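Have a look at the structure below, then the notes.
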Amino acid sequence: MQLSAKYNPAEVEDKWYSYWIKNRCFHSEPDNREAYTIVIPPPNVTGILHMGHVLNNTLNDVLTRKARMDGKNACWVPGTDHASIATENKVVARLKERGIRKEDIGREEFLKYAWEWKEEHGGIILEQLRKLGASCDWDRTKFTMEPALSKAVIDTFVYFYKKGLIYRGVRMVNWDPEGLTAVSDEEVIHRDTKSHFYHLKYYISDGNGNPTDDYLVIATTRPETIMADAAICVNPKDERHFRLHGKKVLIPLINREIPVIEDDYVEMDFGTGCLKVTPAHDAHDYEIGLRHNLPVMDIIDDHGRLNENAQILIGEDRFVARKKIVGMLEEAGNLVKVEEYVSPVGYSERTNAVIEPKLSTQWFLKMEELASKALESVESGKVKLIPDKYRSTYRHWMENVHDWCISRQLWWGQRIPAWYLPDGSFVVEPDEESALKAAQAINPGLKAEDLRQDDDVLDTWFSSWLWPISVFDAGRPGNPDHKPNRDLSYYYPTNDLVTGPDILFFWVARMIMAGNEFMGDVPFRNVYLTGIVRDKLGRKMSKTLGNSPDPLDLIKKYGADAVRIGMLLCSSAGNDIFYDESQIEQGRNFCGKIWNAWRLVSGWNVDPDAKQDETGRVAVKWFDNLLSKTICEVEDHYSKFRISDALMAIYKLFWDDFCSWYLELVKPGSGRAIDPLTYEASVDFFEKLLKLIHPVMPFITEELWHAMGERREGETIMFERSPKAGPYDAAFLSAFDTVRGLVMGLRSLRQQNGVSPKDRLDLYLEGADSLQELFPVLDKLGNVQVQAGAAEGASASFISGTVKASVPMGDYVNVEEERRKLEAELEHQKSFLEGVRRKLSNEKFVSNAPEAVVASERKKESDALARIKAIEESLKSL
RNA sequence: GGAAGGUUAGCUCAGCUGGUUUAGAGCACCUGCCUUACAAGCAGGGGGUCACUGGUUCGAAUCCAGUACCUUCCACCA
């Protein structure tokens, strides 16, 4: 088959992806082979592919394809995450464009829009993954909010509630008074904001609600909240305030009496050392309030206006109230001073309104027990983190875990299965029907319309933590008695998980918890944590910065294989990736190299009667050994998840060894034919190389594998076995390296002395008896006639390994420089030898160290000796 | 503020048990080549006192301590 002069990825990629789909090459069913399973970190259903996805999914695909070629039953389960916050935001924004507010249309109508959006946009990112070459089992595509998976989430909630791990509690939420909604911590942007620090006098009460002459001073940025104060707090060790202990003070303007309390939380050297405690409007104050049993008074309504609890300035906006109350305080003589002050203030990402901390009732899951088991899973090595530096981070988090707030004030998501009775009590049941029954058990007269379901939905992570279980058998989570179906028992636990370290806690840790709880086993064995993809300037790729290239454009421009290589080249585990388009260019160039190499080999004429010459025989022997050795290295890299090292080893084998040395050695001169033995060996090497490359570059390898020979419909390189390493002759390989060093030394000498590579030279070798077999290599690639003994007259000489070579070079040689170099090396060798000998004469070392280590030291000793001898002889002959 | 990690060539990174790596790779750079597979290429070359300071050792990029800077995660100071 004739190849086009240039590789055209676009054509090839579409062709083979359709071919793989048509032949259901990615599909997996349980059978009697060993399973290799990966579940995709489900991308947001509304998301579009960015460079982070490319990195992540390329790694997943490499691992999957490698396992498949190792003969395992590989199954990579794809799917998407409903991503409640992100998706709801998008739908809200879209409705806003049409002038619709979600509150106006109500929950049901809104959800219709949301599902519409999902149907329209939900498949995009999966479609994009296909362009990358992802070998996912698309028949198994799942969505975290599809009915079965949603039911699993609800069952899980009921399960934990009945187990006593889910409870209702009060928590500060970030309230957006403009959007009239609570927003998550991630949606709050902290910005340093100029404000004022108001120092206010609080007079000490005489005990009957009347002020005395004594007062204390507090510093606050929010004077409009003083009416909600529940106490003044000082540090118990603060001598300045000992006189206040047990006293009561009066809130300015409204003269309400509040106690002075003591708590370590107050820093003595910040502000005045007196803190006003306002439990309803500050998260820390709320905590202090709990510790000291303080009443909670809420004086700000949902729109950010003061309510009647405030007694004054009722109905005023919080910022207007702030201005007004400062005037009032000044007039009343309570304002001591005002300082300029810069402090971080939270703003809503959506509306840019200043966030108002607001108390609300939320649902929580107790984490202590789940976390300690999940910690044990990693500590014991049942789950390996790669790189393992994350173990300590993981431990720290698991040991300091707080209860998980699982309710979200949103509509897009699984609605909390709690139903409130008219009296305010509630029941938790998987559905409305059983909720009614449960409610009637409390109050037999109740009807369905008396019940009101909780308005909140569950945190998205509360569904994604079930992912490795629910994609196979959604009936299991929440129902430990449910017998796992065939898929779940075959594919669980999965093997590897590839994801970013930023969600180690949010997602990975929680999956381990769910796995332990519902399966009695961890969900995966290895967690490969990638780095974060950054641009050249080290900034995170983000949409707002606009510094993220569109991966699809890159695929169009360079081809999917090139993009995959580009990402892998610079991605050692756990290190951030500095994205640079030149790496993708490198990938594209590699495609070109592979393509052209096959163009060369496929263009050879074979002469059936030709005999293999010595050069061909030696070349084949060498590459066969090298291939085995490199396969061993590559396998070792894969086993340690050093994917970029594995790739680099393959890259160099193909480019530097196969193309630059092997093919150059065996290629017939122009107009000549090649012998059958060498030809067959070359084609065989090429096929093995393609198989080695396939996991990282699926498209071009499939194309060339088909170009190499007749294939039946449905045959694919991805079902071929990875090439296996045979035994290899290390001594022969090292001899070849010596010869290679000689050839390179020759080339260098020629270049420096202006001698053309075409001029044939005599090469004098000393100590080269063992290299005789490889002389044809020197002949062909060095263009020299090999002679024994020393060169006469002026010669340039050099050492490669223990072999000394010299070439007649006329007047060009700089003997002095040569001597200096050799003397320096001699000195180094001698001192090294001394050290090695000292070590070997140490009895403790010889008897305690492993045998292999001692052997390698002995080899070092003999090598150094030989080298010293060679150098000394060179020096003599100079 | 708490925790973890990092600092090696212009850039991105290897360097696993301290020594044959008197510091390696890829890219970029310089020089010479359109040599019929490949200029997206070939051949050759230059470039680093391994952040800094001390310590352990015959020997340190590698182990220990301190300093500086950077990154991430957590908590964010009334």
Side-chain angles (χ1 to χ4, degrees), chain A residues 3 5-7 190 197 218-222 233 265-267 270-278 282-285 288 341 343-344 346 387 389-397 400 501-502 504-505 531-532 534 536 538 540 558 562 569-572 574-580 582-583 585-604 636 640 642 644-645 647-649 651-652 659-660 663-664 667 670-671 744 747-752 754 757-758 824-825 827-829 831-836 838-839 849-850 853 856-857 859-861 863-864 867:
Chain A
L3 293 192
K6 286 245 191 273
Y7 173 57
H190 289 272
F197 219 15
I218 59 101
T220 180
T221 53
R222 300 202 59 191
C233 189
Y265 170 75
V266 180
E267 308 251 341
F270 189 85
T272 61
C274 295
L275 168 70
K276 77 188 207 44
V277 182
T278 320
D282 181 282
H284 284 292
D285 291 10
I288 298 172
Y341 186 65
S343 64
K389 67 177 178 186
Y390 285 107
R391 276 177 65 162
S392 52
T393 322
Y394 181 87
R395 184 184 320 118
H396 185 255
W397 193 73
N400 298 287
D502 47 336
L504 179 59
F505 309 135
I532 296 162
R534 298 170 178 282
K536 265 180 161 174
K540 247 185 198 174
Y558 297 105
L569 274 174
C570 54
S571 63
S572 45
N575 283 330
D576 283 359
I577 314 296
F578 288 82
Y579 164 78
D580 188 341
S582 76
Q583 287 148 351
E585 274 178 46
Q586 194 185 341
R588 175 203 54 191
N589 296 353
F590 190 40
C591 287
K593 191 72 187 176
I594 299 173
W595 187 258
N596 282 310
W598 180 249
R599 284 213 306 143
L600 173 69
V601 175
S602 63
W604 284 340
D636 185 52
K640 292 170 182 153
R642 298 159 75 133
S644 63
D645 289 345
L647 170 60
M648 192 44 77
Y651 178 91
K652 285 199 226 169
C659 292
S660 297
L663 289 180
E664 291 300 330
K667 81 176 175 192
S670 64
M744 294 188 347
R747 285 176 182 165
S748 178
L749 283 175
R750 289 184 127 117
Q751 180 119 1
Q752 279 161 27
K758 286 174 187 156
E825 203 195 338
E827 200 168 315
H828 168 73
Q829 289 294 340
S831 83
F832 174 72
L833 180 68
E834 195 189 336
V836 172
R838 197 191 312 247
K839 199 173 199 172
V853 174
S856 97
E857 290 299 315
K859 179 153 192 320
K860 282 177 195 170
E861 185 190 19
D863 284 357
R867 190 110 177 128

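Because the structure is predicted, anything quoted here is derived from the model rather than measured. Numbers restart at 1 for each chain; the letters A, B, ... are given by sequence-line order, proteins then strands.
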What integer number of Å spans the C1' atoms of rG54(B) and rA68(B)?
15 Å
Both distances under 3.5 Å, Watson-Crick or G-U wobble: report the partner of rA78(B), or none.
none
Within a strict 4.5 Å, meaning less than it, do heavy atoms of the L833(A) and Q829(A) side chains meet?
no
Hey, does F505(A) reach any base, or is it just sugar-phosphate, or nothing, if we go heavy atoms under 4.0 Å?
sugar-phosphate
Less than 4.0 angstrom between a side-chain N/O of R642(A) and OP1 or OP2 of rG15(B), yes or no?
yes
Can you classify the ring geometry of F590(A) versus Y651(A) as parallel (below 30°), tilted (30 to 60°) or perpendicular (above 60°)?
tilted
Quick check against the 3.5 Å criterion: does S602(A) have a side-chain atom that pairs as donor or acceptor with the backbone of W598(A)?
yes
Same-atom distance (P) from rC50(B) to rG24(B), integer angstrom
14 Å
Presence of N589(A) side-chain N/O under 4.0 Å of rG41(B) phosphate oxygens OP1/OP2
yes
Look at the aromatic rings of Y7(A) and W595(A) and report parallel, tilted or perpendicular, splitting at 30° and 60°.
tilted
For the pair D282(A) (side chain) and T278(A) (backbone), establish whether a donor and an acceptor sit closer than 3.5 Å, ignoring hydrogens and angles.
no
Roughly how far apart, to the nearest Å, are rG45(B) and rG19(B) at atom C1'?
29 Å
Can you tell me how far C1' in rC27(B) sits from the matching atom in rA37(B), rounded to whole Å?
24 Å
Between rG15(B) and rU62(B), how far apart are the two C1' atoms, rounded to whole Å?
9 Å
Is rG47(B) paired to anything, Watson-Crick or G-U wobble with both distances less than 3.5 Å, and if yes, which nucleotide?
none
Considering every strand shown, what is the Watson-Crick or G-U wobble mate of rU62(B) when both distances are under 3.5 Å?
none
Side chain of H396(A) only, heavy atoms from C-beta on: which candidate in rA3(B), rC27(B), rC38(B) is closest?
rA3(B)
Y651(A) side chain: which of rA78(B), rG41(B), rC27(B) is closest?
rC27(B)
Measure the distance from NZ on K758(A) to C1' on rU35(B) and round it to the nearest whole Å.
6 Å
Could you tell me whether the side chain of F197(A) reaches within less than 4.5 Å of the side chain of T220(A), counting heavy atoms only?
no
Out of rA4(B), rC42(B), rC58(B), which nucleotide sits closest to the side chain of T393(A)?
rA4(B)
Roughly how many Å is it from OH in Y265(A) to P in rG1(B), rounded to a whole number?
16 Å
Below 4.0 angstrom from OP1 or OP2 of rG44(B), is there any side-chain N or O of R747(A)?
yes
C659(A) near the nucleic acid: base, sugar-phosphate alone, or nothing, with a heavy-atom cut-off under 4.0 Å?
base
Classify the nucleic acid contact of V266(A) as base, sugar-phosphate or nothing, counting any heavy atom under 4.0 Å across all strands shown.
base
Residue whose nearest RNA chain B nucleotide is more 5′ - K652(A) or M744(A)
K652(A)
Please pick, from rC38(B), rA78(B), rA40(B), the nucleotide with the shortest atom-to-atom distance to any side-chain atom of R588(A).
rA40(B)
For rC42(B), which nucleotide is its Watson-Crick or G-U wobble mate, given both distances must be under 3.5 Å?
rG32(B)
Of the listed nucleotides (rG5(B), rA78(B), rA14(B)), which one gets closest to any side-chain atom of L275(A)?
rA78(B)
Given the P atoms of rC70(B) and rU56(B), what is the spacing between them in whole Å?
32 Å
Can you check the I288(A) CD1 to rC77(B) P distance for me, whole Å?
12 Å
Distance, P atom - from rC52(B) to rA23(B), rounded to whole angstrom:
15 Å
Among rU20(B), rA43(B), rC76(B), find the nucleotide with the atom closest to the side chain of H284(A).
rC76(B)
Classify the side chain of Q829(A) versus the base of rU20(B) as yes if they form a donor-acceptor pair under 3.5 Å and no if they do not.
yes
Figure out the CZ/P separation between R838(A) and rG59(B), and round it to whole Å.
9 Å
Beyond-backbone contact of I288(A) with L275(A), side-chain heavy atoms, under 4.5 angstrom:
yes
Quick check: any donor-acceptor pair below 3.5 Å linking the side-chain of E664(A) to the base of rA37(B)?
yes
Want to settle it: does S748(A) or G592(A) sit nearer the 5' end of RNA chain B, counting the closest nucleotide to each?
G592(A)
Taking the same atom, C1', in rG1(B) and in rG47(B), what whole-Å distance lies between them?
43 Å
Could you work out which one of rA37(B), rU20(B), rA4(B) sits closest to the side chain of K667(A)?
rA37(B)
Please report the distance, rounded to the nearest Å, between CG in N400(A) and C1' in rG2(B).
10 Å
Selection from rC58(B), rG19(B), rC77(B) that lies nearest to any side-chain heavy atom of F832(A)
rG19(B)
Residue Q751(A), side-chain heavy atoms: nucleotide from rA4(B), rU31(B), rA78(B) that is nearest
rU31(B)
Counting only Watson-Crick pairs (N1-N3 plus N6-O4 or O6-N4) and G-U wobbles (N1-O2, O6-N3), all under 3.5 Å, who is the partner of rU22(B)?
none
Taking the side chain of Q583(A) as its heavy atoms from C-beta onward, which of rA37(B), rG44(B), rU12(B) lies nearest to it?
rU12(B)
R747(A) and P757(A), any side-chain heavy atoms less than 4.5 Å apart:
no
Residue matched to rU71(B) through Watson-Crick or wobble contacts both under 3.5 angstrom
rA4(B)
